[in-house]
Number of protein chains: 2
Amino acid sequence: MKTSPNKSIERLSMYRRLLRESENEGTENVYSHDLADAAGCTAAQVRRDLMLVGCSGNPKTGYQVKGLINCICNLLDTPEGDSVALVGFGNLGKALLPFFAKHHKKLVITATFDSNPKKIGEISNGCECYSMESLKKVISEKNIKIAILTVPAEVAQEVAEQLIEANIQGILNFVPIPLQLKNNIIVENMHVEIALEKVAYLTRAANTITD
Amino acid sequence: MKTSPNKSIERLSMYRRLLRESENEGTENVYSHDLADAAGCTAAQVRRDLMLVGCSGNPKTGYQVKGLINCICNLLDTPEGDSVALVGFGNLGKALLPFFAKHHKKLVITATFDSNPKKIGEISNGCECYSMESLKKVISEKNIKIAILTVPAEVAQEVAEQLIEANIQGILNFVPIPLQLKNNIIVENMHVEIALEKVAYLTRAANTITD
DNA sequence: AGTATATTGTGATTTTTTTCACAGAAAGAA
DNA sequence: TTCTTTCTGTGAAAAAAATCACAATATACT
């Protein structure tokens with residue numbers, strides 16, 4: 001398996017979402033420029049990205065929506081699906097849960113964890129909250145490989161290390177610090193504050209540029 | 001004003017956070033490789049990024065922490081600071097509020113908006129929740145240029161258009177759809193589901209690659 | 001059947017981002 | 001003072017990502 005460019009993966013995921021909408025509306029075929037318009041990129045880029053999934057279109061009728069969805073699924077999903085742990089069941093964690101509970105068949109949050117004893121046992125969106133002590137056991141039992149990290153910054157590094165210890169291989173990190181981990185662990189950062197600072201900067205820059 | 005590379009802005013924001021920590025610990029100087037280790041990138045990259053802020057280091061003693069923070073602030077902040085609107089005061093919106101309320105002096109959420117009448121008037125983290133009807137008025141009065149969008153997907157496009165109508169120039173979008181807006185509007189997407197799919201893909205890819 | 005048209009698929013090119021690598025410089029030691 | 005060390009600053013090279021541009025081709029029309 002060859003790893004596909006990072007950015008392409010993100011766009012493919014977006015295309016799939018858009019294609020599923022089209023499918024629900026009964027659309028059978030799309031052109032690269034349709035997808036491009038919807039996704040906010042160029043048609044050439046869509047076609048390049050689609051080259052990765054090994055599903056080809058027709059010069060006159062474009063791509064088959066169903067076929068394309070399947071091809072993207074083949075690249076992005078495993079047939080069995082993946083279990084995900086949500087670690088840190090505070091406000092942010094609780095708010096994120098429905099994002100996944102809704103749509104996803106292949107990426108399912110199957111356990112949440114928190115250090116607060118009051119939350120243990122709580123069931124939300126169909127999954128139970130476990131204690132941090134049972135982290136390793138539950139993760140192993142449920143064969144979880146991916147975690148979403150939404151704990152307070154002070155304990156994030158320590159918890160991340162526990163996750164590695166429990167054999168987690170990929171982390172979606174919402175904690176605004178860079179985790180220091182062995183680099184065979186996949187870490188994707190969602191730094192909200194940094195993103196907002198970037199918006200502020202770019203907004204200002206867009207107004208100040210004169211060329 | 002020349003716009004600096006996107007990625008550099010993100011890293012600069014991260015450096016600043018790390019530098020502030022160092023400052024609190026009483027550290028006066030840092031080397032590029034210190035920052036690199038902390039931020040998870042290379043020393044050469046740190047130095048490249050720092051070239052953008054026009055603050056130079058000393059070949060033997062590295063960079064002055066205080067001076068560096070100031071230089072980064074000059075690039076990222078305005079002296080007066082920016083007001084931010086949080087549009088969609090549901091679970092996610094509420095969870096995000098403390099992220100900013102805590103630290104930021106220069107980026108302050110000064111108003112939240114929601115369509116649910118029950119929420120109007122509610123005060124949280126020092127800012128009031130207004131009705132969607134008063135959006136344009138409040139945003140104009142408070143001179144807000146940036147918005148965080150956390151409304152349900154079904155209404156996101158429509159609300160985004162209202163925001164533009166109200167003169168918002170930059171949007172941090174948490175809604176998992178690509179907004180269709182004039183391209184002089186800055187949109188930064190935080191697509192949680194896509195990010196998780198990417199983690200899942202990369203995790204699998206890292207395990208399957210054999211070369 | 002032949003022609004026109006609109007789209008795909010992809011080499012080639014350009015742009016952007018990252019990394020390399022080293023001259024120049026500051027501090028401390030001899 | 002001179003030497004040594006260890007860093008910075010930055011041109012140059014490499015790698016990654018996006019865009020261009022066009023031959024190949026499927027369909028519809030005449």
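Here is the naming used below: chain letters follow the sequence lines, and residue numbers restart at 1 for every chain.
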Closest heavy-atom pair, T110(A) versus K142(A), reported as atoms and distance to 0.1 Å, is O-NZ, 3.3 Å
Pair K66(B) + E28(B), salt bridge at N-O below 4.0 Å | no
Apply the side chain to side chain contact (heavy atoms under 4.5 Å, CB included) test between I185(A) and each candidate in I164(A), L163(A), L179(A); give the one that qualifies.
-> I164(A)
DNA chain D contacts made by residues 61-74 of chain B, counting heavy atoms under 4.0 Å | G62(B), Y63(B)
Value for CG (L75(B)) from CD1 (I72(B)), rounded to nearest 0.5 Å, stands at 8.5 Å
Mark yes or no for whether Y31(B), through its side chain, and K60(B), through its backbone, hold a donor-acceptor pair below 3.5 Å.
-> yes
How does protein reach along nucleotides 14-25 of chain D, written 5' to 3' as B (base within reach of a heavy atom under 4.0 Å), S (only sugar-phosphate), or - (no contact)?
-> ---SSB-B---B
Distance below 4.0 Å between S56(A) side-chain N/O and dG9(C) OP1 or OP2 | yes
To the nearest Å, how far apart are M51(B) CE and dA12(D) C1'?
-> 13 Å
Between dA26(D) atom P and Y31(A) atom OH, what is the distance in whole Å?
-> 14 Å
Length of the line joining N29(B):CG and dG28(C):C1', which is rounded to integer Å | 16 Å
Rounded off to whole Å, could you give me the NE2-to-C1' distance for the H33(A) and dT5(C) pair?
-> 13 Å
Salt bridge check: are D82(A) and R204(B) linked by an N-O gap of less than 4.0 Å?
-> yes
Are E21(A) and R17(A) close enough for a salt bridge, meaning some N to O gap below 4.0 Å?
-> no
Any side-chain heavy atom of L181(A) within less than 4.5 Å of one from Q157(A)?
-> yes
